[in-house]
Amino acid sequence: MKEKKIKVDYMARVEGEAALNITVSNGKIENLKLNIFEPARFFESFLIGRKFDEIPELVARICGICPVSHMLTAIQALEDAMEIVPSGETMRLRKLLALSQWIQSHTLHTYMLAIPDYFGYESVLSMIPEHRELVEQALRLKRLGNDLTVAIGGREVHPVTPVIGGFTHVPPRDVVKDLLKRFREARKDAQNMVEITTQIKLPDFTRDIEYLALTSPPQEYPVISGMLASNKGLKFKKEDYRKHIHEVHVPHSNALHSYVIGRSSFMVGPLARVNLNYSLLAGEARRAAENNGLKFPYMNPFYSIPARAVEVLHSIETCIDLLEDLKLKADQPSITPKEGTGAGVGEAPRGLLYHWYKINNKGEIVEADIVSPTAHNAFNIEKDLEEYLPQIISLPEEEMQLRCEMLVRAYDPCFSCSAHFLKINKRES
Amino acid sequence: MKKPSVGVFKFTSDGGCQLQILNMERELFDLLNLINITYFPMAGVDSGEGPFDIGFVEGAVTSTDEIIRIKEIREKCRILVALGACACYGGIASIKNQKTQRELEEKVYTDLTAVHSTKAFGIDQYVKVDAYVRGCPIDKNEFIEVVKSTLLQIKPNLRPHSVCVECKLRENPCIFLIEGEVCMGPVTSAGCGALCPSRHRACEGCRGPASDPNTPSLARTMLEYGLTPEEVRLKFIKYAGETQAFKEGAGIK
Amino acid sequence: MPLKNKEVSLLLEKSRLLSQSSMNDFIRNLSASYEVYAPIKKGKQIVFEKVENPGEIVWDYETTQISPKKFLHKPFEKLFSFEDGGKIISENEEIAEKKQILLGLHPCDVRAVEILDKVFSKRYEDPYYLKRRKNSIIIALTCNDAHETCYCTSFSTGPRIDRGYDILITPLVDNFLVEIGSPRGEEILNQYGEALSTDSSILMEYHRLKNAKLEVIENKIKNKMNTENLPELLEQNVNHPLWDNLKEECLACGSCTIVCPTCYCFTIVDKVDLTLKSGQRQRVWDSCMLLEFAEVALGVNFRRERAARIKQRIYHKLYSFEHQFYIRGCVGCGRCIRYCIKKIDPREIIAEIRREPIEQQS
Amino acid sequence: MSSSHNPYMPSLVKIIDIIEETGDTKTIKLIFVDEQTQKNFSFKPGQFNMLTVLGVGEAPLSISSAPGEGDYFSHTIRRVGNVTGAITRLNVGDTFGARGPYGNGWPLDKIKGRDILIVAGGIGLAPLRSVIYYIKENRDNYGKVEILYGARTPKDCLYRREFDEWREIPNTRLLLTVDNVPEGTKWEHDVGVVTLLFDKISLNPSETAVLMCGPEIMMKFAVHNLLEMGFKDKDIYLSMERRMNCGISKCGLCQIGPKFVCQDGPVFSYYELRNLTEKIF
Ligand SMILES: Cc1cc2nc3c(=O)[nH]c(=O)nc-3n(C[C@H](O)[C@H](O)[C@H](O)COP(=O)(O)OP(=O)(O)OC[C@H]3O[C@@H](n4cnc5c(N)ncnc54)[C@H](O)[C@@H]3O)c2cc1C
Ligand code: SF4
Ligand code: SF4
Ligand code: SF4
């Protein structure tokens with residue numbers, strides 16, 4: 001068999017810049033590189049010396065798609081470092097904000113980035129003429145997520161109200177009332193989404209993956225806090241993150257490769273979350289999954305796509321409960337900085353996110369450590385590809401390339417995000 | 001009227017401004033009636049090498065590769081628009097310019113050979129820019145204003161006066177006068193509708209300098225409000241630390 | 001100042017006393033037929049907003065950031081809309097009748113309306129302002145106190161007021177002394193309000209109380225502007241070194257003009273919708289403190305220097321208005337000082353010029 | 001469309017002719033679409049209209065035709081920005097909006113019987129063209145006339161095809177100068193700024209009224225020289241430019257000191273201007 005080259009110079013429909021280079025020769029993979037050429041942004045360097053209260057705002061700028069996750073996780077880490085305990089109302093608002101972003105991001109990914117592959121289009125824009133209703137449904141859901149983010153956070157991208165200790169502002173009651181109404185109406189769109197994502201034909205590929213996600217106390221599906229756990233027996237607190245997870249800098253990529261110490265790559269994200277926490281999903285979400293024949297857990301990364309849809313429905317249900325419970329009070333204690341270190345973990349739309357800071361008594365950052373979901377996933381994506389390629393090797397080159405891209409996209413990678421965290425692995429020694 | 005072709009390009013950034021385009025759920029269909037997006041990888045559109053009638057560039061230029069690429073893109077675009085703080089002024093990526101390149105790279109890389117990082121600047125450091133859509137992220141209305149005015153062949157009506165004007169119009173309690181804290185609003189370009197002060201937090205200057213920013217005077221007031229010179233410096237060296245006005249505020253000559 | 005008998009009886013004829021509850025009823029009744037705007041608490045500020053119930057009204061407020069001029073000369077106003085690329089033009093429907101009551105204006109704000117009336121009716125009549133003005137009833141409120149930034153006495157625009165209102169309310173003890181300023185005022189008071197007393201000796205006593213209160217306020221205003229020969233003084237001090245010093249301080253943020261009750265400058269802009277064919281022409285408050293204000297095509301700017309803009313603001317208020325509208329352009333409400341981060345103070349500007357005026361050249 | 005009661009409402013005008021003056025300037029002849037409005041429309045030289053392209057904006061532009069010129073009026077428009085750009089893109093038969101006339105115009109009654117010196121720079125000739133034809137029509141009312149006009153290059157001269165007609169007006173001289181002459185261009189007149197032509201003025205300063213319009217920097221030097229030559233500040237009339245948005249002294253943008261350029265002007269004597277609290281030059 002002759003040599004096949006797969007070269008995607010610029011991955012479309014992913015956030016950030018990456019290329020895929022694969023050479024298969026005589027049925028064997030000679031070379032496989034997910035090259036993240038998104039330029040490095042040196043966050044962990046320039047955060048040093050900045051004031052603690054600027055950090056949430058600054059780290060939001062790591063990612064335009066999941067700024068909420070970065071903000072909230074950094075806030076958690078800093079509160080941890082300074083021993084601040086947020087109020088119940090603050091936690092409710094944070095959960096709402098995080099879920100609003102799940103809805104927005106998941107809908108964006110499902111309809112605009114992933115589905116065109118399965119419907120046979122280049123992009124969502126080219127789908128408009130023939131599938132206008134579907135696109136409108138997508139936009140409606142996405143707008144709903146965004147409108148909740150705006151109501152609580154002030155704007156869709158890089159919200160302004162979340163601060164260490166609480167919120168600077170809460171939405172007026174009539175806005176919440178209106179949102180509640182729209183959320184109730186949106187159930188249908190989300191149920192449709194579950195249906196559509198299970199109707200499309202997902203490639204058949206399973207691999208023995210270790211998946212990692214937050215798990216929370218029994219009654220709650222994890223969003224912004226919890227223990228870390230995997231299907232292969234890991235269970236640890238956020239403070240112990242560095243005892244279990246490390247990364248190496250691989251020369252072909254601007255992102256680091258994360259792995260479980262003593263083991264290998266792992267997967268984070270919606271599939272990991274649903275697999276690990278299925279029973280904690282809102283009843284409606286589980287029902288919709290079952291009605292559509294879904295049987296979690298799946299070891300097939302392509303099942304991230306229906307997992308997202310299920311999470312959207314779950315988020316809508318949870319938001320309705322939370323919105324009904326809001327007291328609409330902005331708690332914002334005044335804070336005197338104090339020396340310390342703190343870790344934060346959260347479930348970004350794309351999966352587990354980790355922030356860790358050391359601050360001095362003037363409230364300046366001394367050291368920072370941030371690992372994004374895509375940084376967690378990058379290694380696993382390569383591993384997946386390694387195992388997936390032999391299965392599709394007989395396909396024509398073009399088809400093979402599309403399949404590889406679809407696999408990468410199933411992770412909804414965010415390369416700007418991942419490239420922000422290049423770092424020396426100095427804690428390894 | 002033939003629909004103008006539009007390209008959206010990404011440099012060093014977080015994709016937030018591009019996402020703001022996709023966040024125009026309510027306007028998207030109308031917008032697509034007016035323009036023909038032919039290059040927008042994040043949205044999966046890659047149907048052309050150009051040339052483009054309008055090119056929107058997100059992100060700062062931070063590497064030698066990017067310097068070459070921005071010049072190529074300029075050649076291909078009749079009108080080139082800087083999208084967001086990064087493309088306008090270098091954005092928060094330019095915070096790193098305060099440290100030496102070596103210092104930064106050593107902190108994050110084991111293998112320095114692969115790194116071709118340069119100081120982060122807005123794109124007008126290297127090419128001519130026809131319009132600026134400020135903010136971190138951009139304001140959707142301003143984006144639409146730029147699209148509309150390009151089609152009408154007029155200058156966009158973006159008023160770069162202080163945020164205070166919009167803030168006062170919204171009858172917000174002034175952060176300085178009522179909260180006793182400092183705010184970048186007086187020297188920051190309006191257009192966001194005083195988003196932050198309207199939600200009880202200080203403007204952080206994400207839209208860069210206003211049209212006549214008296215930054216030394218504001219810096220003096222900040223000191224009077226109890227900030228240390230270092231804290232004042234941090235205020236100015238954030239989203240637009242490479243602009244002359246904000247450098248002056250930071251006390252950098 | 002003792003009043004003559006005739007004046008006293010006239011005064012009493014136009015006075016009523018309302019109890020707290022009848023005042024509330026009065027306002028509630030008004031709300032049924034009019035939009036009533038009054039000072040109410042919003043967050044940490046008092047702002048003029050629509051009153052939902054009379055209990056919200058803050059009778060003893062100091063001052064509001066944006067003056068009630070916003071109800072007459074709106075910050076954003078549609079002039080007209082157009083369709084089909086300008087081939088169809090239709091007038092502003094909002095120009096139509098909508099009656100409103102502006103309640104709780106301090107004397108300085110009432111007198112500021114008088115100034116705006118002149119601006120918008122001289123030579124060309126501004127239909128938008130004037131229609132709205134005609135449909136507005138002004139219920140003034142005697143100040144409760146004077147503050148550091150108040151200098152209305154310098155222009156005789158407060159705390160005493162003798163014109164410009166339809167009704168004047170003075171809260172005293174537990175009641176409200178209500179004075180009628182116009183037939184329209186009398187009409188609504190008779191129609192919607194129930195007087196506690198019209199007994200002249202009681203009313204007389206309340207007037208005495210009011211006077212005493214006003215005296216206290218007047219005496220409290222110590223930091224005044226000396227307005228003697230002000231136009232001449234300014235004419236001669238165009239090149240005073242102080243203007244250049246101010247330029248170093250002023251942030252050119254424009255706040256002072258936005259909060260000023262007599263600032264009225266506006267820019268006209270066209271807003272088209274995404275059809276590019278229809279839209280509206282709007283006017284938007286502008287400010288002479290902003291760089292763009294005097295900019296014309298090809299980048300020419302007649303007031304590029306900040307000093308020139310500061311001068312324009314001060315001169316327009318304290319000098320040009322007299323030439324243009326035969327009235328002073330400042331009512332001494334103190335907002336521009338209060339809401340200036342740099343505390344740039346017209347009283348001090350004038351005082352400083354007086355301290356060291358430029359020698360008059362021949 | 002009613003425009004009588006609401007001064008902000010433009011009326012539709014139609015382009016009946018377009019004359020390319022220079023690379024960036026056109027003279028457009030207009031009539032109001034509504035016949036009655038056109039009939040009622042009367043103006044004086046030196047007045048201006050607010051021209052509107054809806055969706056783009058509004059701009060003040062001098063009327064460049066003379067009152068008795070025909071059943072139309074004209075504007076000479078230099079393309080420098082939004083409105084001027086939009087209007088100069090239109091074709092014959094197209095419509096847009098106009099309202100006016102506004103401003104005081106040149107003091108042509110007051111200066112009856114006097115010699116007249118016209119000094120114009122660039123687009124500043126537009127409001128003075130109206131004067132030139134007015135004088136032609138009322139030739140006996142005025143003494144000698146000298147027209148001094150400066151442009152950037154020969155190609156930037158407005159109304160070139162009308163120059164011969166102007167020269168033939170009795171007792172009238174036309175002196176031209178340009179800032180520079182590109183190689184290969186024919187030019188038989190002066191080269192240099194307009195003040196260079198002042199040596200050739202033959203009028204007696206004490207008997208002459210000066211009407212001037214041009215860039216402010218040009219007017220500054222011109223006024224300075226004229227004063228030195230013995231012209232009196234009360235006799236020098238300048239048409240001033242300021243930003244204006246309403247044209248009816250409401251928006252406040254066009255003030256110079258206490259004067260509204262749109263209503264008190266745009267024509268002022270230098271005597272008036274020099275004593276204002278806001279210095280012009
Ligand atoms: C009394 C008067 C008479 C004029 N006569 C002529 C003439 O006959 N021919 C000619 O070509 N030009 C004339 N001008 C200048 C002309 O008004 C400007 O060139 C024009 O306003 C530019 O508008 P724009 O929209 O094309 O430019 P932009 O730069 O896009 O301006 C945007 C807006 O700013 C305002 N603006 C900008 N420049 C000026 C200005 N110079 N004066 C007032 N407002 C301005 C207008 O509201 C305009 O719509 C005159 C100006 C004045 C004040
Ligand atoms: S809060 Fe900030 S933006 Fe608002 S008026 Fe005060 S200084 Fe200006
Ligand atoms: S208030 Fe300041 S920081 Fe906030 S959005 Fe506006 S310009 Fe940016
Ligand atoms: S005087 Fe004060 S409020 Fe006015 S522009 Fe200057 S700094 Fe701003």
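Note on naming: letters A, B, ... go to the chains in the order of the sequence lines (proteins, then strands), and numbering restarts at 1 for each one. What you are looking at is a predicted structure, and each value in this text was computed from that prediction instead of being measured.
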task: Tell me, for A:Ala138 versus chain B, whether the close heavy atoms (under 4.5 Å) come from the side chain, the backbone, both or neither.
output: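 No part of A:Ala138 comes within 4.5 Å of chain B.
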- prompt: Side chain, backbone, both or neither: which part of A:Val163 has a non-hydrogen atom closer than 4.5 Å to chain B?
  reply: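 When you check distances to chain B, only side chain atoms of A:Val163 fall under 4.5 Å.
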- prompt: Run the side-chain contact (heavy atoms from CB on, under 4.5 Å) check on A:Phe43 and B:Ile92 step by step: do they pass?
  reply: CA-CA 9 Å; A:Phe43 265 82; B:Ile92 57 157; 3.4 Å; yes
task: Count the heavy-atom pairs under 4.5 Å between each of B:His200, B:Met24, B:Arg199 and chain A, then report the option with the highest count.
output: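 Result: the option with the highest number of such pairs is B:Arg199.
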field: Check against side-chain contact (heavy atoms from CB on, under 4.5 Å), A:His158 and B:Cys136
entry: CA-CA 8 Å; A:His158 308 329; B:Cys136 185; 3.9 Å; yes
To the nearest 0.5 Å, tell me how far [X] [atom1] sits from [Y] [atom2].
X: B:Leu234; Y: A:Leu58; atom1: CG; atom2: CG; value: 9.5 Å
X: B:Ile95; Y: A:Ile48; atom1: CD1; atom2: CD1; value: 12.5 Å
X: A:Ile65; Y: B:Met42; atom1: CD1; atom2: CE; value: 4.0 Å
X: B:Lys235; Y: A:Lys51; atom1: NZ; atom2: NZ; value: 9.5 Å
X: B:Glu231; Y: A:Arg50; atom1: CD; atom2: CZ; value: 11.0 Å

- prompt: Using 4.0 Å as the upper bound for N to carboxylate O, is an ion pair formed by A:Lys362 and B:Glu230?
  reply: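 No.
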- prompt: Between B:Arg201 and A:Asp53, is there a salt bridge with N-O shorter than 4.0 Å?
  reply: no
query: Is atom NZ of B:Lys76 surrounded by more than 12 heavy atoms (other residues, nucleotides or ligands) closer than 6.0 Å?
result: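 Result for NZ/B:Lys76: enclosed.
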message: Does A:Arg61 qualify as a cation-pi partner of B:Tyr239, given the criterion of NZ or CZ under 6.0 Å from the six-membered ring centre and within 45 degrees of its axis?
response: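 No - A:Arg61 does not lie over the ring of B:Tyr239 by the 6.0 Å and 45° rule.
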task: Name the member of A:Arg132, A:Gln332, A:Glu136 that forms the most heavy-atom pairs with chain B at distances under 4.5 Å.
output: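 Among A:Arg132, A:Gln332, A:Glu136, the one with the most close pairs to chain B is A:Arg132.
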Best-contacting candidate, A:Thr168, A:Thr161, A:Ile128, A:Leu125, against chain B by heavy atom pairs under 4.5 angstrom: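 Between A:Thr168, A:Thr161, A:Ile128, A:Leu125, the count favours A:Thr168.
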message: Consider side-chain hydrogen bond (donor to acceptor under 3.5 Å, both in side chains). Of A:Arg143, A:Lys142, A:Glu156, A:Arg155, which one does B:Asn23 pass it with?
response: A:Lys142
- prompt: Where do B:Leu19 and A:Leu108 land on the side-chain contact (heavy atoms from CB on, under 4.5 Å) test, with the steps shown first?
  reply: CA-CA 10 Å; B:Leu19 187 64; A:Leu108 172 81; 3.6 Å; yes
field: Where A:Ser123 and B:Ala43 come nearest, the two heavy atoms and their spacing
entry: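 Shortest heavy-atom contact: CB-O, 3.4 Å.
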task: Counting only heavy atoms closer than 4.5 Å, note whether B:Leu22 contacts chain A via side chain, backbone, both or neither.
output: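 It is both, since atoms from each part get that close.
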Interchain contact, B:Ile138 with chain A, by part (heavy-atom threshold 4.5 Å):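 Interface part for B:Ile138: neither.
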message: Run B:Phe29 and A:Leu139 through side-chain contact (heavy atoms from CB on, under 4.5 Å) and show every step you take.
response: CA-CA 10 Å; B:Phe29 289 116; A:Leu139 292 179; 3.6 Å; yes
